[in-house]
Amino acid sequence: MIKAVMVMNTQGKPRLAKFFEYLPLEKQHELIRSVFGVLCSRPENVSNFVEAESVFGPDSRLVYKHFATLYFIFVFDSSENELAMLDLIQVLVETLDRCFKNVCELDIVFNYSKIHTILDEIIFGGQVLETRSTEIMRAVEEISKLEAASNAITLVPKSASGWLSR
Amino acid sequence: MGSQGGFYQSKEFLDLVKSIGEARSKAEEDRIVLGEIETLKRRISEPDIPKRKMKEYIIRLVYVEMLGHDASFGYIHAVKMTHDNSLLVKRTGYLAVTLFLNEDHDLIILIVNTIQKDLTSDNYLVVCAALNAVCKLINEETIPAVLPLVVELLAHPKEAVRKKAIMALHRFYQKSPSSVSHLLSNFRKRLCDNDPGVMGATLCPLFELITIDVNSYKDLVMSFVSILKQVAERRLPKAYDYHQMPAPFIQIKLLKILALLGSGDKQASENMYAVVGDIFKKCDSSSNIGNAVLYECICCVSTIYSNPKLLEFAADAISRFLKSDSHNLKYMGIDALGRLIKISPEIAEQHQLAVIDCLEDPDDTLKRKTLELLYKMTKSTNVEVIVDRMIDYMININDNHYKTEIASRCVELAEQFAPSNQWFIQTMNKVFMHAGDLVNTKVAHNLMRLIAEGFGEDDDTDSQLRSSAVESYLHILGESKLPSVFLQVICWVLGEYGTADGKYSASYITGKLCDVAEAYSSDETVKAYAVTALTKIYAFEIAAGRKVDMLPECQSLMEEFLASHSTDLQQRAYELQAVIGLDAHAVESIMPSDANCEDIEVDKNLSFLTGYIQDSIENGAQPYIPENERSGMLKISNFRNQDHHETSAHSLRFEAYELPKQTVQSRIPLTSLASTEIVPVPEPIYVREIYQTTTVPSASSDAGSTELKLRLDGVQKKWGRQTHSPATSTSSSTSQKTDNGITQVDGSNTSNSRTLETYDSRKQQVEITPEKQKLAASLFGGSSKSEKKPATGHKISKPSSHIVERSHVRKSSLEIASEKKASIQPPPDLLDFGEPTVNSAAPSVDPFKELEGLLEPTTQVDSAENHGSTAAATKSPDIMGLYTETPAGIYNKDDSDILSGLSNPPVRNMLGGTRSMQVAQSSKGRNLKNSLEKDALVRQMGVTPSSPNPNLFKDLLG
């Protein structure tokens, strides 16, 4: 299963951290810091995989991808495939990019809850749930539409019921 | 949706992010965040906060917590938000509680009720949000409260809900297997869900269940094979394609499951060969995800009952991985190679140069993986090169965790394959010097014993070994900061053998020992070892009839130790004093020279006391009654028994490291001599007993030997009693040889290795440097072609057509199904819709028509097999629904989406280089204004000051 998803910038500031197994706050931070320590010391043009057993305990692997100013990091165990996880990062980023049109670090900072919504559609309870970014987008848009509507009037709007019956 | 639009962030939040982004130090950031916490504390407890504001506060709290500060004051507000009717607020509440709380938090009790209510909501988004919270927040005790609701959701009309309900059940299973044990059949049922997404989700729990208990899921082999076949043949709706691969994540999961099911099961494996071979051919090796599936195929092939054809495919794929420029693929290639060499060791040879390239790669991860591979393929012919490499690497890293691991691997390899004692000692020295405190103390004791016992080949080599050890240790003592364990070894060896060959005088050695005790004065253990070593040296001197002059520094040291706080040190110092006062004869008998290998006879019956007892009884004393014969003492005797077991578990470990293979082969007379030639020592009684309890059942000797541990406390204090019996050690070393999986390599390759070296170097190309060639030869030279292949013997007769295979396959599945009892689910229906009937049913052009065509046979099979009526009834209409409705209704739309401009670049980018970049840019051009605005904002915010153009994901998809 996937143990954690992190997004941090190249200065080591966490932008998103989601742990699928509960960890106390201090531990989370220690992990984020040590992950950053490992990542920033890696040269360019090397593999996207890092041995993570010294940080996350036995049977854990780490895959990261570096985009502009951000690191996207997935930590998982041996029941997942490294290359596939790399593509899952791609799925996440593609979806973010579609969602925010040229996503940038600030989008992630400001739309914190939305990022979580997207992530919840991709990974659920530590398992890969959905990998089609169109499908993820559809779900997320549905949610935000409903949210916007429920914010204005607390009834289920027509658009939603129409979608339901389809 | 711009960066700040849409989600109602206020100026305040923007300012917060901005100021945190600009913070120059951690302290400044902390100050800002603490200020923010104060503000939030004040604001959040105000009455009548508008919902929108409240939502923002909660998000800010989450943000603050992510930055590492405690926001627990706001938890209750997040909990309150989950009760709200508005979806927006509710979802925010759920998001916050899943991030804030753990399953054992006190506030959970306030949420369970809401979750229950929301799970039955009409709005499926509310249900999803609740399911999400269920995964994170429900613990073992609260599972019963939501379990029935979650089970109900398994039949929810929305596939998104069904998927999540399965995942939630899986989560329950992980948390408390017993709570859902009666529901496990649901996973099997959902495997035939009409939505491929739900089916895919089911694979996750099934994978876990199968990992735990393979045998109860063997009946599903055919279903999985059939599903995989359909996926690979693109029978799923197009929308499940990812980068031109049909549902790759499902394929990967299925291959993993098949690997588990086929491991060591010839029959099951034979069913998989066709489909796995098919995937090998179909995989697109130019995309990342295609390679992921390929890699999974290799893993599968290397686990299931082996098939020469598939092994060939796997070897091909591996060579493609290794030849690739991508480090990721090289990494996967090395990993896959490590799996495959277990089955066909000869494959490593083809890739020797690639492996060496990886070993010298700047990428640390790749290097480690390669070292792991080398570790797996070590044998006596290449152990020196490999261990040298590992030690070199070990010296250069700081990561203690990995250092420990690699040190223990070095020791393990050295113990198993050491070509000579000298090499062994030198290697151990290196390991100890660089990772001394990280290695197990057991290793140190093994080393001491090896030096004491030697190989038993003859006395000359043994004493040579000892003097070379002494020599090297005296040299090493010059270095500063040696690890404690290593110093203990050094002290012990110097004490025993420092003066043995007469090269060094007693005063020189004692001087060195005193230096050690002084230099490491904070380490009591080392000091104790040093004192004992001194005692031995003086004792040997006295026994040899020489006059002992204690060095002044030694005397002062003794005075210090006589007054030491440590009773152990004190005792040793007093012993030393006492020994010095004795005459040669007495010393000879209490501390004979070179007697550490001799066994001390323990007279367990205490026969020397018989006379005394006799006297006492005659004088009217009560005779002794053994404890177990006394009445009412049952418990104590039981306790004693336990105690006895415990001591046997802590007993000494006697196997020497394994002899290198070639010596076994070529010097058989020598080794056989060795066992007889060794000084015939009487085995000590207590050692014999230990062996009786642990190793007498020879079949379980392997398990027994792992339990054997050195009794460290004893050894340290009772050096005189360190008794070893060479007879046992040789016998156990031979047994270890057979036990050890890695050493199963034939010894026959030693003579071949040289010829092979030349063969290899001829094969290599011109540009390869001679060093590399040499390294390759020394690493791989041993793996000769003459090596016996593992028992893969059987040849699979490939079916001439798929139909034949399928009908066979189907027959067997029916057989299996009929064999199983009714309680076990019948083979799920999904497997049936891909049966040969498909081909005959509709060779039509329209894919959806074709899919519809599948349905009829499926339902027929259903009724024919007389499934559980409920299952059949719900299934068949569902399937109909899926293949008529879903693809046409939803996925068609997606297809056109994918084709349209926006979504195109990401998809194509994986394949093409520059052209797709252009496309991406042109699509960005449309949002030029947007981008510029963003850019300006970023600069203004200064979130990422160091980067020249921080906001644009220029290389987003590159």
Side-chain angles (χ1 to χ4, degrees), chain A residues 9-11 14 17 22 25 29 42-43 46-51 53-54 67-69 79 81-84 86-87 93-94 97-107 109-114 116 120 124-125 127-132 134-135 139 142-143 146-147 150-151 154 156 164 166, chain B residues 1 3-4 7 9 17 59 62-63 66 68 85-88 92 95 102-103 123 125 132 135 163-164 167 171 204 207 239 242 249 252 288-289 291-292 295-296 327-328 331-332 362-363 365-366 368 399 401-402 894 897 906 924 927 930-931 934 938 943-944 947 950-956:
Chain A
N9 73 2
T10 39
Q11 269 112 56
Y22 177 79
L25 204 57
H29 273 269
R42 282 179 70 79
V46 293
S47 65
N48 298 82
F49 313 132
V50 176
E51 303 261 323
E53 296 203 347
S54 56
F67 291 107
T69 59
S79 66
N81 174 318
E82 279 104 333
L83 283 174
L86 196 58
D87 261 47
V93 176
E94 270 175 31
D97 197 47
R98 278 183 198 198
C99 199
F100 296 110
K101 313 271 186 303
N102 298 319
V103 64
C104 75
E105 195 178 333
L106 271 188
D107 289 324
V109 176
F110 287 128
N111 297 292
Y112 196 70
S113 63
K114 187 158 187 174
H116 273 285
D120 283 344
F124 189 87
Q127 304 289 346
V128 181
L129 185 72
E130 181 59 76
T131 52
R132 294 169 287 166
T134 44
E135 202 53 29
E142 248 352 279
I143 289 167
L146 269 180
E147 278 185 349
S150 73
N151 205 31
T154 38
V156 179
L164 273 171
R166 190 165 59 181
Chain B
M1 273 154 280
S3 352
Q4 64 274 59
F7 277 82
Q9 268 84 15
V17 174
I59 295 290
V62 174
Y63 190 73
M66 189 184 69
N85 285 327
S86 147
L87 180 65
L88 175 70
T92 312
L95 168 67
N102 69 333
E103 55 184 35
N123 187 339
L125 290 173
N132 214 350
C135 273
K163 254 197 284 195
K164 287 180 181 173
M167 298 292 200
R171 197 77 177 150
C204 299
F207 174 70
Y242 175 80
F249 285 84
I252 288 170
N288 194 32
I289 194 71
N291 287 319
Y295 166 78
E296 218 47 72
H327 280 86
N328 291 345
Y331 175 90
M332 299 314 260
D363 185 352
T365 318
L366 191 55
R368 286 186 189 187
D399 176 352
H401 174 87
Y402 195 65
D894 281 1
D897 257 356
K924 278 182 180 170
N927 306 318
N930 204 345
S931 322
K934 249 182 213 179
V938 173
V943 180
T944 54
S947 158
N951 69 326
L952 290 174
F953 268 33
K954 258 183 137 178
D955 51 347
L956 178 68

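Just so it is clear: chains get the letters A, B, ... in the order the sequence lines come, proteins before strands, and each one is counted from 1. What you are looking at is a predicted structure, and each value in this text was computed from that prediction instead of being measured.
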Practice task
Look at the aromatic rings of A:Phe49 and B:Tyr331 and report parallel, tilted or perpendicular, splitting at 30° and 60°.
Solution key: tilted
Atom pair [atom1] ([X]) and [atom2] ([Y]), whose distance is rounded to the nearest 0.5 Å:
X        : Y        : atom1 : atom2 : answer
A:Leu86  : B:Asn288 : CG    : CG    : 5.0 Å
B:Asn328 : A:Glu82  : CG    : CD    : 9.5 Å
B:Leu87  : A:Ile143 : CG    : CD1   : 7.5 Å
A:Leu83  : B:Asn291 : CG    : CG    : 6.5 Å

Exercise for the section: Check the pair B:Tyr63 / A:Val109 against side-chain contact (heavy atoms from CB on, under 4.5 Å), numbers first and verdict last. Expected result: CA-CA 9 Å; B:Tyr63 190 73; A:Val109 176; 3.8 Å; yes
Please name the pair of heavy atoms, one in [X] and one in [Y], separated by the smallest distance, quoted to 0.1 Å.
X        : Y        : answer
A:Gly125 : B:Arg171 : O-NH1, 3.6 Å
A:Ser79  : B:Phe207 : CB-CE2, 3.3 Å
A:Arg132 : B:Ala239 : CD-O, 2.7 Å

Practice task
With a 4.5 angstrom heavy-atom cut-off, could you sort out which part of A:Leu129 is near chain B: side chain, backbone, both or neither?
Solution key: both
Completion exercise
Of B:Ala292, B:Cys135, B:Cys204, B:Gly68, the largest count of non-hydrogen pairs under 4.5 angstrom with chain A goes to B:Ala292
Practice task
Go through B:Asp363 and A:Ser47 one step at a time and tell me if the side-chain contact (heavy atoms from CB on, under 4.5 Å) criterion holds.
Solution key: CA-CA 7 Å; B:Asp363 185 352; A:Ser47 65; 2.6 Å; yes
Practice task
Kindly indicate, with the supporting measurements, whether the criterion side-chain contact (heavy atoms from CB on, under 4.5 Å) is fulfilled by B:Lys163 and A:Phe124.
Solution key: CA-CA 9 Å; B:Lys163 254 197 284 195; A:Phe124 189 87; over 6 Å; no
Exercise for the section: Evaluate the side-chain proximity of B:Ile59 to A:Ser113: yes if any heavy-atom separation is below 4.5 Å, no if none is. Expected result: yes
Practice task
Could you verify whether a donor N or O on one side chain and an acceptor N or O on the other, from B:Tyr242 and A:Asp87, lie under 3.5 Å apart?
Solution key: yes
Practice task
Look only at the side chain of B:Asn102 and the backbone of A:Tyr22, and say whether a donor-acceptor pair between them is shorter than 3.5 Å.
Solution key: no
